[in-house]
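Basis for what follows: all heavy atoms, side chains included, without hydrogens, waters or symmetry-related copies. Every chain is numbered from 1, with letters handed out A, B, ... down the list of sequences.
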Amino acid sequence: MEAITAIKGFKDILPGETERWQYIERIAREIFTDFGFRELKVPILEKTDLFVRGIGDGTDIVEKEMYAFTDRGNERLSLRPEATAGVIRAYIEHALHTVEPLSKLFTIGPMFRRERPQKGRFRQFHQINVEVLGLDDPSIDAELILMLIHFLKSVDLTAIDLEINSLGCPVCRPAFREKITAYLYGREHDLCPDCVRRLRINPLRIFDCKVEGCKKALHDSPTLMESICPECTVHFNSVRDYLDIFDVPFKVNPRMVRGLDYYTRTAFEVTTTALGAQNAVAGGGRYNGLVKELGGPDSPGIGFAVGLERLAALIPITEAELTPGPALYIAPLGEVAKAWSFALCNYFRMLGIRADMGYGDKSLKSQMKRADKLKARTALILGENEINEGTAELRDMVSGTQEKISLDNFDHLAETIMNKVKEG
RNA sequence: GUGGGCGUAGCUCAACUGGUUAGAGUGUCGGGUUGUGGCCCCGAAGGUUGAGGGUUCAAGUCCCUUCGCUCACCCCA
């Protein structure tokens, strides 16, 4: 019988790796909570229209990367390719804007995009998503970026670059778009085939192209930065000033454009050089028109996403991954001892002591080997001789010393073991 | 969707220009005299060399097809 394998681009995260994920998520929850954010969970399946309206039907994500299908009830559904649309849907649906005009939210979970997998890119991947809804003040943009950087530093991610840009607003961006389109139409022959295509679909993305000819063609083109309206400029400068208060090092990158249509004003990206071609660890920006576009009030919003696979691949081995072994490993010999072992082991566990035991009828030698492999701090040897006289041998696995102890006081035994754990 | 690289034990890799029963390390299990881990020693299990076809006296090795993985383009977290 042929074994069934996982789907292309879908990965198992095994024990040994999950510890790192737990660590990252724990730090994220702690820090985001400190900054006043609250966690919400939204479905991974939504109506396809939510993403079409939210992300934009001209984007690659919606056009060719979504896992979209019609369910048995003839509804058009999609696995979420990103989290923001779902969060905003929930925000509108539960009228959070009336309950809590300023909502600071985060969510953690899987996203799905049907792309060709490569280093740092999977079809199911995980993101931590943070959103602030109901505030356009530049200080919140800076707060969000500050929190992101603080979080990344807290999980020991170094060697990162922060780039920020302003994408303008519905007033100034379309004007710039026309301007740049007009500028490039005379220079089409200098552009790579991809950019010729981009020129019609999303000319701003040409700024992101790495091809020399395209860079050259843009050399003295108008830039978005000098074309955005005075309000956007003031907003952007204010974000920068706020970031300077905490000496957050950033680079203004006027060429940075985001892949999703909904972004306005502040856009930012945290990149690294250690991830192959997928250099973005986190990215986000402001999306002032999105809530309204999705049928809600005209609330501004800003958010970012952190790629968990990418982050997990980048951070150094942490203390948290080296989970300590059980405080106690019980090695029973014989049927009577097995019953004692079952009782003792589970009693200790319910007391909150990490305990494990030998199952089956293994030799003492193999049980001790397992105790060693699990990095048990102590081992309790329950032999028939000892059981008969109401005792057991408690072995210190670090020092190798062993003592006979009485079995008539479990709590005293528990105390002895925990003292050993404390001394390390 | 387009291109490059690679598929040999669970994992990491050997096997010269095609040439006996495809090896090693690591991991797993067992043993090294009564019931004691780590280090060391011994042993066992574990492979239709991704699959299918072809060339040849002979294919892990050469050719074709196919599947899978991987990296890059594209796009993005």
Side-chain angles (χ1 to χ4, degrees), chain A residues 2-3 5-9 11 14 16 55 59-65 81-84 108-130 148 152 192-195 197-198 201-202 205 208-211 256-260 263 268-272 275-285 303-314 325 329 331-334 337 358 360 362-387 392-402:
Chain A
E2 186 142 344
T5 58
I7 307 168
K8 182 202 281 280
K11 299 289 175 201
L14 301 176
I55 302 170
T59 59
D60 281 12
I61 292 179
V62 170
E63 217 166 64
K64 49 194 189 197
E65 294 173 1
E82 55 101 53
T84 304
I108 302 176
M111 308 297 154
F112 305 85
R113 291 182 203 173
R114 201 182 179 293
E115 304 175 87
R116 274 288 264 276
Q118 66 187 68
K119 194 177 176 71
R121 193 174 82 182
F122 311 98
R123 290 183 171 183
Q124 181 187 108
F125 59 100
H126 298 75
Q127 289 186 338
I128 302 178
N129 239 262
V130 180
L148 170 60
L152 295 175
C192 69
D194 281 322
C195 283
R197 187 175 53 85
R198 289 184 183 113
I201 302 164
N202 188 349
R205 234 178 258 172
D208 232 2
C209 188
K210 291 141 200 145
V211 178
M256 184 183 66
V257 290
R258 314 250 63 236
L260 292 75
Y263 286 111
F268 55 96
E269 206 163 85
V270 175
T271 57
T272 167
L275 264 183
Q278 314 307 312
N279 61 356
V281 185
F304 68 76
V306 180
L308 281 177
E309 279 80 359
R310 293 181 186 179
L311 183 55
L314 286 170
Y329 185 92
L333 294 163
K362 297 281 192 175
S363 69
L364 182 57
K365 177 174 182 163
S366 79
Q367 297 201 64
M368 292 304 288
K369 275 191 176 176
R370 179 140 183 271
D372 187 61
K373 206 183 118 194
L374 294 174
K375 296 202 238 20
R377 182 63 185 76
T378 62
L380 189 69
I381 299 156
L382 289 179
E384 305 202 20
N385 302 342
E386 288 89 344
I387 292 286
E393 292 283 335
L394 181 64
R395 185 178 180 81
D396 185 315
M397 295 297 284
V398 175
S399 68
T401 57
Q402 202 164 297

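If A/R114 and A/T401 are placed on RNA chain B by their nearest nucleotide, the residue sitting closer to the 5' end is A/R114. Nearest-nucleotide positions on RNA chain B place A/S399 closer to the 5' end than the other of A/S399 and A/A305.
With both ends at atom P, the span from B/U12 to B/G50 equals 14 Å, rounded to whole Å. Only the C1' atoms considered, B/C74 is 12 Å distant from B/G3, to the nearest whole Å. The separation of B/G19 from B/A58, taken at their P atoms, amounts to 14 Å, rounded to a whole angstrom. A gap of 40 Å separates the C1' atoms of B/G43 and B/U56, to the nearest Å. Nucleotides B/G38 and B/G30 are separated by 13 Å at their P atoms, to the nearest Å. Comparing the same atom, P, in B/C40 and in B/U21 gives a spacing of 35 Å after rounding to whole Å. Here, B/U70 and B/C64 have their C1' atoms 23 Å apart, quoted to the whole Å. As rounded to the nearest Å, B/C13 and B/G53 have C1' atoms that lie 29 Å from one another.
Residue-level contact check: A/E65 touches the backbone only, with heavy atoms under 4.0 Å from sugar-phosphate atoms and none from bases. Counting non-hydrogen atoms under 4.0 angstrom, A/G120 reaches a base of the nucleic acid. Among the heavy atoms of the strands, none lies under 4.0 Å from A/K375. Residue contacts shown for A/N129 are absent, as no nucleic acid heavy atom lies under 4.0 Å away. Contacts of A/A282 with the nucleic acid, taken as non-hydrogen atoms under 4.0 Å apart, involve only primed sugar atoms and P, OP1 or OP2.
With a cut-off of 3.5 Å on both pairing distances, the Watson-Crick or G-U wobble partner of B/C62 is B/G54. The partner of B/C40 is B/G32, judged by Watson-Crick or G-U wobble contacts that both fall below 3.5 Å. Pair check for B/G7 finds B/C67; Watson-Crick or G-U wobble, both atom distances under 3.5 Å. Searching all strands for a Watson-Crick or G-U wobble partner of B/C76 with both distances below 3.5 Å returns nothing.
In this structure, the nucleotide among B/G35, B/G30, B/A77 sitting nearest to the side chain of A/S366 is B/G30. The side chain of A/Q278 approaches B/C75 more closely than any other nucleotide in the set B/C75, B/A77, B/U36. The side chain of A/I381 sits closest to B/G35 out of B/G37, B/G35, B/A77. Distance from the side chain of A/K369 is smallest to B/G37 among B/G37, B/G35, B/C29. Closest to the side chain of A/M368, from the set B/G30, B/C76, B/G37, is B/G37.
For A/R370 and B/C29, a side-chain-to-base donor-acceptor distance below 3.5 Å is absent, hydrogens and geometry of angles not being considered. Counting atom types as modelled, A/K365 pairs a side-chain N or O with a base atom of B/G32 as donor and acceptor under 3.5 Å. Evaluation of atom-type donor-acceptor distances gives a pair under 3.5 Å for the side chain of A/E386 against the base of B/G35. Side chain A/Q367 to base B/U36: no donor-acceptor pair is found below 3.5 Å.
Here A/L382 contributes atom CG and A/Q367 contributes atom CD; the two are 9.5 Å apart, rounded to the nearest 0.5 Å. Rounding to the nearest 0.5 angstrom, the gap separating the CD atom in A/Q402 from the CD atom in A/E393 is 4.5 Å.
In this structure, A/L374 places its CG atom 14 Å from P of B/G38, rounding to the nearest Å. Remark: P of B/G38 and CD of A/Q402 are 15 Å apart, rounded to the nearest angstrom. In this structure, A/K362 atom NZ and B/G35 atom C1' are separated by 16 Å, rounded to whole Å. One interatomic measurement links the two molecules: CD1 of A/I128 to C1' of B/C76, which rounds to 17 Å at whole-angstrom precision. Distance A/Y329 OH to B/U36 C1': 13 Å, rounded to the nearest Å. The interatomic distance linking A/L380 (CG) with B/G37 (P) rounds to 17 Å, in whole Å. Computed from coordinates, the A/F125 CZ to B/C75 P distance equals 16 Å when rounded to whole Å. Protein atom CG of A/L364 is 6 Å distant from nucleotide atom P of B/U36, rounded to whole Å.
Between the side chain of A/E82 and the backbone N or O of A/M111, no donor-acceptor pair lies under 3.5 Å. At least one donor-acceptor pair closer than 3.5 Å links the side chain of A/R310 to the backbone N or O of A/G120. Judged purely by atom type and a 3.5 angstrom limit, A/R123 uses its side chain to pair as donor or acceptor with the backbone of A/E115. One N or O on the side chain of A/E309 and one on the backbone of A/H126 form a donor-acceptor pair closer than 3.5 Å. Not a single donor-acceptor pair under 3.5 Å links the side chain of A/R113 to the backbone N or O of A/I61.
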Taking it one step at a time, do A/F268 and A/L148 satisfy side-chain contact (heavy atoms from CB on, under 4.5 Å)?
-> CA-CA 11 Å; A/F268 55 96; A/L148 170 60; 3.8 Å; yes

Sort me out a list of protein N/O and nucleotides 65-70 of chain B N/O pairs below 3.5 Å, or just none if empty.
{"from": "B/C69", "atom 1": "OP2", "to": "A/K8", "atom 2": "NZ", "distance (Å)": "3.1"}
{"from": "B/U70", "atom 1": "OP1", "to": "A/K11", "atom 2": "NZ", "distance (Å)": "2.8"}

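Under the side chain to side chain contact (heavy atoms under 4.5 Å, CB included) test applied with A/L152, the options A/L314, A/T272, A/L311 reduce to a single match, A/L311.
A/M397 and A/A371 get closest at one heavy-atom pair: CE-CB, 4.1 Å.
Residue A/K373 places at least one side-chain N or O closer than 4.0 Å to OP1 or OP2 of B/U28.
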